[in-house]
There are 2 protein chains.
Amino acid sequence: METNVVDLVQLRRGCAQCSLQQLCLPAGIGQDDLKQLDEIVRRKRPVAAGERLFRPGDTMASVYVARDGAFKTVSTSEDGEEQVIGFHLPGELIGLDGLGHGRHRVEAVALGTANVCELPFEQLAAIASRLPSLQQQLLRVIGQGVERDQDHLSMLVRRQANERIALFLHGLGERLRNIGESGSRFRLPMSREDIARFLGLALETVSRGFSRLQDDGVIAVAGRRVEILDAAELARLAHGVEAGPPAPRRARS
Amino acid sequence: METNVVDLVQLRRGCAQCSLQQLCLPAGIGQDDLKQLDEIVRRKRPVAAGERLFRPGDTMASVYVARDGAFKTVSTSEDGEEQVIGFHLPGELIGLDGLGHGRHRVEAVALGTANVCELPFEQLAAIASRLPSLQQQLLRVIGQGVERDQDHLSMLVRRQANERIALFLHGLGERLRNIGESGSRFRLPMSREDIARFLGLALETVSRGFSRLQDDGVIAVAGRRVEILDAAELARLAHGVEAGPPAPRRARS
DNA sequence: CGACGCTTTGATTAGAATCAACTCGAGTGG
DNA sequence: CCACTCGAGTTGATTCTAATCAAAGCGTCG
């Protein structure tokens, strides 16, 4: 039962020891305040791929943060179309949708095995109202979520397929680097279909986009393994510039 | 100077007398608490069409609510493309972008002459931390903003032009009805270009969409004057149903 | 009255969706 | 150990939607 022991150790480690501390809700909070926050955090056993933290219509009892593993949040329209609202890497808060009416409007699905911290929202709000630094930090985290949504929006609107894909890879790389992983060589936690539903494209278009980037020498891709070979070029493509340095302005080939 | 007198009366009316009270930040807040909130509200003189409440990069000193008139919030990407993030009718909070980093990332532009209330954010947060009911309401309003953004997102992704336009008109009608105006006969506060940049379409496509809806007898439109003739059909179109009742499935005409 | 901005309409084109077939790899079970 | 299946991903052919380019109509405001 080697793994079980490891799990228990993992489960008992508090926010103060967590490697994500600086990126997560506790960022910038003093020792004493951190202790109070730490006390309401429930560290759950691992969730399996495909498991849901909550579903649309559930009362917003808690918010969650992945310690490791990734999640997607999905909104299903009345006609059954699934729209991926966001991907959530470790340290990024999950479940603040539903702040408006107290009920979740999306579902949060684990993309692989994951470990999460659960923070009962009532208690979180109660502590926040006593600790200005936590209130401020909570607002900041919410605001960052709004910013991510807006960036997502800008990515979807009036940008073409290849730009969206480049922007997606570029952004994902940055977020991975933020949490201390390699931003240039990683395994995508989500399927092509998830990416397509996030970017508002057909999954074939996503696949073609990846292939195109590979042909152009910008990335190397094999299934979910991605390596970014030319980060500068990727960034350029992401911001809507047409061609690459090898052929700055060619006629239609 | 008849108008001036009216303006002054207008300026002095507090939240307690405001017709928007139930829709605005004060909703559900008790008399005593309302008074505290009321004291920090600055009621400004009218702003002219095209004037800005704030610009990208400004520190987020205040949030705003229109008492009358409408605003748009616009994000400008590095390549100069303008994306309309949202439209704001009376009672809807403006300026919560920038919660993440303390600086605005969008600009808020008046679509016509408008009257706004300004709430200095520091003071608002300070009062909120003393009044749980206001804190709760503030979170709720923020949450509703997030929900609107998500709806906007869903509207943009994988819906076709005509659906987006129908959804836009349908949603606008509902919001107008909410603030006590007619939801079926109104004047659009924004240009076709603004709508296009909100919906992620070319302005010609928006114009064609309006014409198409008019041809189908769903709306009557003349410039910015819109009348919704068949609300049920509009709702149906908005939710992705193909044809209307008169011609359930016709070949290309 | 004329000019300008906003809107509508028309013709053409480009980009992505859709439909369809095929490849690859991981399990599964014979 | 190998054939088989199943799901994920890739690639190709075709179609269709909406962008783009272009021009004309309309209303308003000097």
Side-chain angles (χ1 to χ4, degrees), chain A residues 49-50 72 81-84 111-112 155-169 187-216 219-226 237 240 242-243 251-253, chain B residues 48-50 72 81-84 111-112 155-169 187-216 219-226 237 240 242-243 250-253:
Chain A
K72 62 174 175 182
E81 284 279 309
E82 293 193 342
Q83 164 65 24
V84 174
L111 292 169
M155 162 165 14
L156 289 178
V157 175
R158 304 279 279 156
R159 300 201 109 81
Q160 27 199 84
N162 291 340
E163 275 174 68
R164 295 187 204 183
I165 293 164
L167 211 41
F168 171 71
L169 285 173
R187 186 182 151 77
L188 295 169
M190 71 295 279
S191 70
R192 296 287 188 274
E193 180 161 24
D194 286 335
I195 299 173
R197 287 191 169 144
F198 178 72
L199 295 180
L201 297 171
L203 75 86
E204 295 97 323
T205 305
V206 173
S207 184
R208 276 187 247 272
F210 277 37
S211 299
R212 173 74 198 277
L213 285 173
Q214 175 157 247
D215 291 348
D216 292 355
I219 65 172
V221 57
R224 297 196 178 181
R225 287 240 133 264
V226 173
L237 290 169
E242 181 61 25
R252 58 206 59 206
S253 56
Chain B
K72 62 176 175 182
E81 284 280 306
E82 292 194 345
Q83 164 65 23
V84 175
L111 292 169
M155 161 166 14
L156 289 178
V157 176
R158 304 279 278 156
R159 300 202 109 81
Q160 24 202 86
N162 291 339
E163 276 175 67
R164 295 187 205 181
I165 293 164
L167 211 41
F168 171 71
L169 285 173
R187 186 181 153 75
L188 294 169
M190 71 295 279
S191 70
R192 295 287 187 275
E193 180 162 24
D194 286 335
I195 299 173
R197 288 192 169 143
F198 179 72
L199 295 179
L201 298 171
L203 76 88
E204 295 96 324
T205 305
V206 173
S207 183
R208 277 186 247 271
F210 278 34
S211 300
R212 174 73 197 277
L213 285 172
Q214 175 157 247
D215 292 347
D216 292 355
I219 64 173
V221 57
R224 296 195 179 182
R225 286 241 134 263
V226 172
L237 290 169
E242 181 61 23
R250 60 170 165 263
R252 60 205 58 205
S253 55

Could you state the atom-to-atom distance from CG of L203(B) to C1' of dG10(C) in whole Å? 15 Å

All N/O pairs under 3.5 Å across the protein-nucleotides 12-15 of chain D interface:
| residue | atom | partner | partner atom | Å |
| --- | --- | --- | --- | --- |
| dG12(D) | N7 | R208(A) | NH1 | 2.8 |
| dG12(D) | O6 | R208(A) | NH2 | 3.0 |
| dA13(D) | N6 | R208(A) | NH2 | 3.4 |

Counting only side-chain N and O atoms of S207(A), is one of them less than 4.0 Å from OP1 or OP2 of dT11(D)? no

Atom pair distance, as rounded to whole Å: CZ in R224(B) and C1' in dC26(D): 14 Å

Interatomic distance, R212(B) CZ vs dT9(C) C1' [rounded to whole Å]: 15 Å

Nearest 0.5 Å, please: how far is CD in E81(B) from CZ in R197(B)? 6.5 Å

Can you tell me how far the CZ atom of R224(A) sits from the CZ atom of R187(A), to the nearest 0.5 Å? 6.0 Å

Give, for atom NZ of K72(A) and atom CG of D194(A), the distance between the pair rounded to the nearest 0.5 Å. 3.5 Å

CD1/I195(A) to CZ/F168(A) distance, rounded to the nearest 0.5 angstrom? 4.5 Å

Does anything in residues 188-202 of chain A come within less than 4.0 Å of DNA chain C? Heavy atoms only, and list the residues if so. G200(A), L201(A), A202(A)

Between CG of L167(A) and CG of N162(A), what distance do you get to the nearest 0.5 Å? 12.0 Å

Name the closest nucleotide to the Q160(A) side chain, picking from dT17(D), dT18(C), dG15(C). dG15(C)

Rounding to an integer number of Å, can you tell me how far F210(A) CZ sits from dA8(D) C1'? 13 Å

Take the protein atom CG of L111(B) and the nucleotide atom P of dC6(C), then report the distance between them rounded to whole Å. 13 Å

Check E204(A) with R208(A), please: is the shortest side-chain N to carboxylate O separation under 4.0 Å? no

Does I219(A) reach the side chain of L169(A), with side-chain heavy atoms less than 4.5 Å apart? yes

For Q214(B) and dT9(C), what is the distance between atoms CD and P respectively, to the nearest whole Å? 8 Å

Minimum side-chain heavy-atom gap D216(A)-L237(A) below 4.5 Å: no

